[in-house]
Amino acid sequence: MMSDKRQRARVQGSWAKQQPKHPGRTAGTVPNINQPKNANTASGSWGFGNQKTSTDFEFHQPTKCVRDVPTEKVIELAGDYEISHGPSGMSRLRLLPGFLPREEADWMFSKLLVELPWSQKTNYRQDEAYEEPRLTCWYGELPYTYARSTMPANAQWHELLVTVRAAVEQISGCTFNSLLCNLYRDGHDSIGWHSDDEASLGAKPTIASLSLGDTRVFSLRKQPPPEENGDYTYVERIRVLLSHGTLLLMEGATQDDWQHQVAKEYHDRGPRINLTFRTIHPEPEGHRPGTKMRFTGKQP
Ligand SMILES: O=C(O)CCC(=O)C(=O)O
């Protein structure tokens, strides 16, 4: 849901163009000719009439600058999208709807739904335990720790996942040694704002995300510049609809410069499985297993 501040900024942005704060006077633009009851006075103040009255319709510069909240962009067609270029490099998304043909995706979805060892992970935030609002399972030679709880190593890949990993590796030109599977049971399951930026993923990781089941909205928001002090009100936003059989690749600086989420929805949604292939590197000696995800406000 839009924060109050963001909502207010939107309202201000559109009002600034159309409606003056003070009747008869639009800051920084032309006077509203409908407002004054006395037409003579109005024309006089802009130099078109003969008599200028001293008080009405003097031009005032606006005292505050109103900033527009950038319009959210939508990505829905297959393609490569360079979403930003910053000091950390280029951030790129590759969207491949229909990567898996419909029948194959149907079959894979129904098998994975019943055959994967789904469970609900307990995480910790400021010493408080909470259950993730989705089910997960982990495949990889190495354990995976985030939000102060660990998914143990699991080298027993389901045979179907081995096959799909090979297909994803072929199209992406990358190799992946790990897989985090997410099961969103309905529209109330979600994952909050985060970046997949933990040290074990290395610099500029490619994350390959395959969606099966019901369509969900995958949102991205740009990291704000330091002067915004962590305020996301005016950052760029992108939404991508991830439908059955779609593959999304996040590449380059995407995990440095953007966050992503799958928000809760308040209308009916069926189950959705998301397979996120990653490469985990052994963590250097002495590294404190850290936060996979930097959540900011929303519950993961
Ligand atoms: O379900 C998705 O599409 C996103 C999953 C995700 O962000 C993650 O596993 O880090």
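Read the numbers this way: they start at 1 and go in the same order the structure lists the ligands and their atoms.
Not a single heavy atom of Gln259 sits less than 4.0 Å from an atom of ligand 1. Residue contacts with ligand 1 include His194, since one or more of its heavy atoms lies under 4.0 Å from the ligand. Remark: distances from the non-hydrogen atoms of Arg272 to ligand 1 include one below 4.0 Å.
The distance from ligand 1 to the heavy atoms of Asp196 drops below 4.0 Å at these ligand atoms: 10 (O). Contact atoms of ligand 1 toward Arg278: 8 (C), 9 (O), 10 (O) (distance under 4.0 Å to a heavy atom of the residue).
Considering both main-chain and side-chain atoms, Tyr184 comes within under 3.5 Å of ligand 1 through a nitrogen or oxygen pair.
The residues Asp256 and Lys204 are annotated as salt-bridged, a charged nitrogen and a carboxylate oxygen being separated by less than 4.0 angstrom. Here Glu251 pairs with Arg94 in a salt bridge; the nearest charged N to carboxylate O distance falls below 4.0 Å. The existence of a salt bridge linking Glu236 and Arg221 is excluded, since no basic side-chain nitrogen approaches an acidic carboxylate oxygen closer than 4.0 Å.
Tested against Glu72, the residues Arg237, Arg239, Lys222 include a single salt bridge (charged side-chain N to carboxylate O under 4.0 Å, His left out) partner, Arg239.
Residues Pro133 and Lys264 approach most closely at CB-NZ, 3.9 Å, considering heavy atoms.
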Original post:
Going through the checks in order, is the side-chain hydrogen bond (donor to acceptor under 3.5 Å, both in side chains) test met by His158 and Glu115?
Top reply: CA-CA 8 Å; His158 188 291; Glu115 293 181 14; 2.8 Å; yes
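Under 4.0 angstrom from ligand 1, the non-hydrogen atoms of Leu180 all belong to its side chain. Neither the backbone nor the side chain of Ile207 comes within 4.0 Å of ligand 1, counting heavy atoms alone. When heavy-atom distances to ligand 1 are checked against a 4.0 Å cut-off, Gln255 has no atom that comes that close, whether in backbone or side chain.
Residues Ile273 and Phe176 share a single hydrophobic cluster, defined by chaining ILVMFWY side chains whose heavy atoms lie under 4.5 Å apart.
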